[in-house]
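By convention in this document, chain letters (A, B, ...) are assigned in the order of the sequence lines, proteins followed by strands, and residues within each chain are numbered from 1. Below, all heavy atoms of this structure are taken into account, side chains as well, without hydrogens, waters or symmetry copies.
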Amino acid sequence: MKVNCRLGLCLILFSHMALAGAAQSGTSIIFPSLNKQPKFEGEVLTVYGAVNHRVISPLFKAYQETYTNVAIHYTESNTRHLYEQFLSEPNARPDVMLSPAMDLQFKLANDGYALVYDSPELGHVPKDSHWRSELFGFTYEPIVTAINTDILAREALPQSREQLLNLIRSKNHLLDEKIGLFDIQQSGLGYLAWAYDGQQSRSYGRLLEAFGTHQAQLYTDTASMLDGLLKGQIFIAYNLVGAYSYQWTQKYSWIKTIMPTDYTTIIMRTAFIPRDAQKVTLAKRFIDLLLSPEGQHILANQSALTPISTKVKGPFSRDELSKLPHGIFRPIPLGLELLIQTDDAKKRLIYSEWRDAIQPVLNRKK
Amino acid sequence: MAKATTSIRRQLILMVAAVLIVINIIALWSAHIYANRAAKESYDRLLYGSALQMAENITILDSQVFIDLPVSAFETLALSASDRAFYAIMNGRYQVLTGYKDLPNIPFTQLLQQSSEKEKFIPIYYETMYHGEKVRFVALGKRLLEADSVNDVFIIVGQTLDARRAAATEVSHMALQFVALFFVITLLLLLFVIWRVLQPLQAIKQAITERSPQELSPLEANVPSEIAPLLKSINYFMAQLDNTLSRLQRFTAEAAHQIRTPLAGLNSQAQNAIDETDETLRQKQLQHILESSNVLTGTVNQLLSRATLTHRYQSHPFSPVSLDHVVKETCRELVVWALERQVEIEYLGNIQVTIKGDEFALKQMLQNIIENAIKYSPKGGVVEVELMVMNELPDTSIRLQIRDQGVGVPDKDKEHIFEYFYRSPDNFASGSGIGLSIAKDVAEHHDARFHLKDNLPSGLIVEVIFLQQKGLSYES
């Protein structure tokens with residue numbers, strides 16, 4: 001696909017598959033090449049990602065500074081949608097697939113959709129952050145809880161899940177319909193984090209019960225959940241990606257971000273090059289940048305995404321992250337353990353538990 | 001010069017290296033087989049373990065199969081970090097309950113057979129291609145019992161082979177390193193041993209090289225029993241050489257003396273003859289000169305004939321010789337000379353015999369013996385020459401006897417008579433003293449026995465016995 005970028009503007013398009021619901025929407029953004037010659041036709045790198053385009057753009061910029069003739073066509077969507085789109089369109093696969101839904105990414109790699117690429121930059125990142133030279137973890141991000149402190153009144157900010165449950169119990173009906181959750185049936189990341197909670201903690205059942213009792217609101221993306229938190233539609237947002245939450249905390253002082261001190265789930269955003277990628281070489285260069293100290297530095301300083309590398313410095317580096325109050329970091333392993341998250345039977349079990357707890361509330365709302 | 005064959009050292013090293021290489025190749029090959037088997041078994045166990053954990057979490061409730069796979073099953077699989085894994089849970093109607101829907105070559109026949117036999121399920125391992133990679137699967141059945149119904153489900157778990165290959169390769173590499181080290185160390189040790197074993201040979205060589213050419217005393221060296229015979233042979237050879245050399249020295253000295261003395265005598269006699277005024281005395285002196293000259297001629301002839309014979313021994317092969325003919329001819333040639341000394345030669349014997357030998361040498365031998373017999377015979381004596389066939393010995397042999405009636409040789413001199421220039425102290429006849437030793441040499445060259453015996457009532461018998469030999473023929 002050749003794109004003529006005479007205007008040199010960022011074009012933000014809603015893609016053809018955009019549907020009414022936010023969960024199903026996919027946003028197409030073109031980052032034109034830096035080559036401003038008239039009638040210049042360069043190459044286009046197609047990237048699918050769940051990360052907000054504003055967050056990832058410094059990385060694209062750095063890439064395009066090296067490869068000035070390359071335009072980047074970025075499709076932003078939620079993780080589950082990206083996964084389904086990848087499978088349903090075998091003839092229009094991207095050159096790079098980025099997603100924090102490790103289980104879905106892993107399933108694609110395990111099923112042989114990923115290209116093997118021994119990036120020379122792999123030495124810069126931890127050994128357990130990549131799998132078979134097919135799937136590359138490039139961030140190290142906590143799953144957090146965000147709280148609008150208005151709800152606290154005189155109560156202390158809860159630090160653990162247990163304290164969160166206590167808070168919910170004490171506020172009781174004040175929190176009815178005021179808790180925000182990812183809809184695990186719509187959001188891949190939401191399901192991953194929730195299922196991982198199920199493996200880790202005994203508080204999982206009580207949390208589910210509490211969320212059900214208080215008619216938790218379901219969201220399909222972080223932005224709208226944080227928006228709801230800001231507008232007072234919800235006071236508690238559970239299992240958010242830390243990067244976004246911390247940004248809001250910086251902007252709005254009454255929104256606090258907590259890394260639960262019982263344990264803090266860590267997810268990696270992962271990238272792979274599909275086997276059917278059109279621009280394999282360009283994609284490889286992008287992976288190289290992503291894993292290189294330079295790319296990791298951009299993440300830690302401009303993208304607000306905590307990079308996987310322990311060596312880079314910056315406001316969002318792993319060093320800085322571990323200085324914040326946190327529990328035991330429990331990174332979700334990037335390996336065959338993730339297959340359990342994609343298991344249909346398991347999914348049916350978790351969904352049915354979820355529906356039993358939360359769906360009746362939704363029905364009652366109608 | 002003998003051509004050196006391949007060096008023992010090199011042969012030993014080559015053989016040792018060859019044996020080591022063969023052993024090491026066998027060791028490597030076995031290590032490789034073992035590594036593959038060990039890797040296969042251990043990873044099969046992981047696979048089986050994973051399937052068992054899955055099986056344990058499959059239950060039946062109200063005819064509904066309830067599956068809640070444990071994370072541990074996948075954690076077990078994740079132990080081989082670089083492998084893909086695939087799984088499926090199926091019921092007896094080939095329906096996939098969860099997992100991968102398109103796993104190939106599932107051994108349903110065997111699974112259903114196990115299912116129908118109502119026995120304990122045993123895992124079935126198989127390898128097949130899936131998603132473009134070779135995958136090893138285990139298929140395991142699980143019996144679900146509920147009140148009056150029996151339901152079997154099948155668990156299929158598979159994994160790619162990278163981890164087992166890596167494990168096998170690692171073990172093989174370790175084996176390779178070990179074997180390489182072992183090879184180098186053993187080779188060095190064996191090289192040292194070979195060097196050590198061959199050291200005595202080197203020492204002998206060194207000892208011989210360092211000697212002056214004249215030194216022929218035995219080599220003194222401590223050598224292993226295998227090399228001792230060699231050293232013994234060398235020492236024996238050197239002793240022989242020493243003996244020969246000293247004989248030669250003695251011979252040369254004696255020959256020089258033997259020639260110089262008569263020459264000096266001749267010289268002074270000739271001088272006297274020139275100075276002599278008395279005609280009769282001068283005639284006598286001239287007569288003496290002639291005699292001395294004859295003796296000298298005889299000596300020189302003997303020495304030359306010996307030199308000729310020595311040369312002939314090395315250059316002339318044997319040919320058939322009519323012995324009786326040679327004997328008769330020699331007698332005939334000497335009979336005039338004998339008669340001048342009033343000695344008769346009598347040839348006894350009426351056989352015709354042919355042996356293999358050197359006619360010239362044999363004739364020299366006969367001449368020397370007969371001349372010697374004539375010389376020592378008293379006037380009017382008879383020298384008997386007899387040739388006969390002897391049957392007393394186990395083998396038929398030919399006996400030649402030359403008998404004289406002289407004074408004979410006392411026993412104490414018989415040993416010395418063959419030494420060059422030996423002459424009995426009581427000797428009165430003229431002679432060079434080497435005639436009999438030449439005769440004995442010739443006899444021995446023909447493998448004949450040479451004896452001296454006493455004749456009765458007095459005199460010497462020289463006896464030569466030609467042993468039965470190839471090519472000997474005779475007629476009585």
Contact origin within [X] toward chain B - heavy atom pairs under 4.5 Å:
| X | value |
| --- | --- |
| Leu339(A) | both |
| Glu337(A) | both |
| Asp128(A) | neither |

Report which part of [X] has an atom under 4.5 Å of a heavy atom belonging to chain A: side chain, backbone, both, or neither.
| X | answer |
| --- | --- |
| Ile89(B) | neither |
| Ala81(B) | backbone |
| Thr160(B) | side chain |
| Phe66(B) | side chain |

Quick check: are there more than 12 heavy atoms from other residues, nucleotides or ligands sitting under 6.0 Å from [atom1] of [X]?
| X | atom1 | value |
| --- | --- | --- |
| Ile8(B) | CD1 | no |
| Phe178(B) | CZ | no |
| Lys107(A) | NZ | yes |
| Tyr351(A) | OH | yes |
| Phe182(B) | CZ | no |
| Glu56(B) | CD | no |
| Glu41(B) | CD | yes |
| Glu146(B) | CD | yes |

Working to the nearest 0.5 angstrom, can you tell me the gap between [X] [atom1] and [Y] [atom2]?
| X | Y | atom1 | atom2 | answer |
| --- | --- | --- | --- | --- |
| Asp68(B) | Ile340(A) | CG | CD1 | 7.0 Å |
| Thr98(B) | Lys346(A) | OG1 | NZ | 10.5 Å |
| Arg132(A) | Asp83(B) | CZ | CG | 6.5 Å |

Given Leu349(A), Leu334(A), Thr342(A), the one with more heavy-atom pairs under 4.5 angstrom with chain B than any other is Leu349(A)

Determine the minimum heavy-atom distance between Ala85(B) and Leu336(A), stating which atoms define it. CB-CD2, 3.4 Å

Side chain to side chain donor-acceptor pair (under 3.5 Å) partners for Arg84(B), two or more places apart: Glu134(A), Glu133(B)

Tell me, out of Tyr100(B), Tyr130(B), Phe86(B), who's got the most heavy-atom pairs with chain A below 4.5 Å. Tyr100(B)

Looking at Ser72(B), Ala73(B), Ser82(B), Gly132(B), which makes the most heavy-atom pairs under 4.5 Å with chain A? Ser82(B)

Mind running side-chain contact (heavy atoms from CB on, under 4.5 Å) on Lys101(B) and Asp344(A) for me, showing each step along the way? CA-CA 11 Å; Lys101(B) 308 248 185 293; Asp344(A) 290 337; 3.3 Å; yes

